[in-house]
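First comes the structure, then the notes that go with it.
Computed from a predicted structure; not experimentally measured.
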Amino acid sequence: AWPSIELVLAYNNVALGGTIPTEVGTWAAIKSFFAFNCALYGTLPTTVSSWTALSALLVYNNRLGGTLPSAIGAWTALQHIGIHHNKFEGVLPTAIAQWPALDNMYAFGNRFSGPLPPLQAGVGCRLTLNGAPFGNAFACPPPAALSAQCTTRAPRDMRPCDATRTDIGAVVVPPDDTQPVTQPFASAGVSTQAVRVDAQAAGA
C-alpha cells in the first residue's frame, strides 16, 4: 500500500499504460506525482483526496479524461500542476480556489468549458489554460481576482472578452514576469528533461 511514499517518478514510460487505481488513496504522504507520457487513461480517482501533502502533480501527455473530482480541493499544499494534453472535460471544480499555494497550472489541450472558478487573492497568476483552438472553451468573463492581478503575455494567449467572443484561453502572467513558463517547474525540483518535454508540448 506504500502509505509513507512521498515521490512517484514514472514519466516517459508508455509501457506503463492503464488507469490510476483507487488504491493510490493510501499514499497519504505523497508530495510529488510525476507520470507524464505514460499512456495513462481513465479518470482521476476520488481517493486522491487523501493527498493533502501534494505539492506537484505532472500527468500531462496521457489520455486521462472525464471531469476533475471536487476531491482535489483537499490538495491545499499544491504549487504546481500539469494536466495538459489529456481528455479532461467539463467545468473546472470550484475546489481549486482552495489551493492557496498554487503557482503554476497547465491545463491546455483538454476539453474544459464553462466559467473559471473564483481564485483566492494570493494565488499565483501563471495559469496556462488556452481556449480554442487548443481544446478548452472557458466562458467569459474571467474571475475578478484574475483580471485584477494579472495581464496577458501575448494577444494569442488570452483573447479579451467582448460582444463577439464568449470564451477565453490564457497564458496569464504577472505584468513584470519575464521568466519562461517552464521555469517554475525547475524550481520545483523537476528534472531538466521534464522541463524540456513541457516546453515542447507548449510549443515553446
Side-chain angles (χ1 to χ4, degrees), residues 20 24-25 27-28 30-33 43-60 64-132 134-153 157-161 166-177 181 184-185 187-188 198 202:
I20 300 176
V24 299
W27 300 350
I30 190 76
K31 294 181 179 179
S32 300
F33 184 85
T43 60
L44 195 63
T46 59
T47 53
V48 297
S49 61
S50 65
W51 292 5
T52 55
L54 188 70
S55 63
L57 177 87
L58 302 183
V59 292
Y60 57 85
L64 296 169
T67 58
L68 292 179
S70 59
I72 62 178
W75 298 348
T76 54
L78 190 70
Q79 299 179 44
H80 312 282
I81 179 170
I83 57 174
H84 44 293
H85 290 309
N86 277 289
K87 297 182 179 181
F88 290 115
E89 60 187 13
V91 177
L92 284 176
T94 56
I96 72 171
Q98 300 172 34
W99 296 344
L102 182 66
D103 189 50
N104 307 279
M105 180 173 182
Y106 295 84
F108 58 90
N110 285 287
R111 302 168 182 171
F112 290 119
S113 59
L116 289 172
L119 300 174
Q120 293 193 21
V123 80
C125 295
R126 292 188 182 90
L127 306 178
T128 311
L129 304 172
N130 296 68
F134 299 99
N136 298 324
F138 295 102
C140 287
L146 181 63
S147 300
Q149 294 178 22
C150 310
T151 186
T152 58
R153 188 173 56 177
D157 291 327
M158 185 172 184
R159 298 167 302 176
C161 297
T166 60
D167 66 335
I168 60 175
V171 173
V172 185
V173 296
D176 60 348
D177 188 11
V181 294
F185 280 131
S187 65
D198 185 80

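In terms of heavy-atom proximity, Ala77 sits nearest to Ala101 at O-CB, 4.2 Å. The minimum heavy-atom distance linking His80 with Asp103 is given by the pair CE1-OD2, 4.2 Å. For the residue pair Pro93 and Pro69, the shortest heavy atom distance occurs at CG-O, 4.2 Å. Shown here for Ala107 and Asn136, the closest heavy-atom pair between the two residues is O-ND2, 2.9 Å. The minimum heavy-atom distance linking Leu78 with Ala56 is given by the pair CD1-N, 3.9 Å. Thr76 and Gln98 make their closest contact through CG2-O, 3.5 Å (heavy atoms, listed as atom of the first residue, atom of the second, distance).
For the atom pair Thr52 OG1 and Ile30 CD1, the distance stands at 11.5 Å (nearest 0.5 Å). From Leu68, atom CG reaches atom CG of Asn86 across 9.5 Å, with rounding to the nearest 0.5 Å. Atoms CH2 and OG, from Trp75 and Ser55 in turn, are 11.5 Å apart once rounded to the nearest 0.5 Å.
No option in Ile96, Leu57, Leu54 other than Ile96 meets the side-chain contact (heavy atoms from CB on, under 4.5 Å) test with Ile72.
Partners of Thr47 by side-chain contact (heavy atoms from CB on, under 4.5 Å), not counting sequence neighbours, listed by chain and number: Thr22, Val24, Pro45. A search for ring pair (Phe, Tyr, Trp, His ring centres under 6.0 Å) contacts involving Trp51 returns Phe33, not counting sequence neighbours.
For the pair Leu64/Ile83, no side-chain contact is recorded, criterion being any heavy-atom separation below 4.5 Å from C-beta on.
Not less than 6.0 angstrom separates the ring centroid of Tyr60 from the ring centroid of His85.
A donor-acceptor pair under 3.5 Å is formed between the side chain of Ser50 and the backbone N or O of Gly25.
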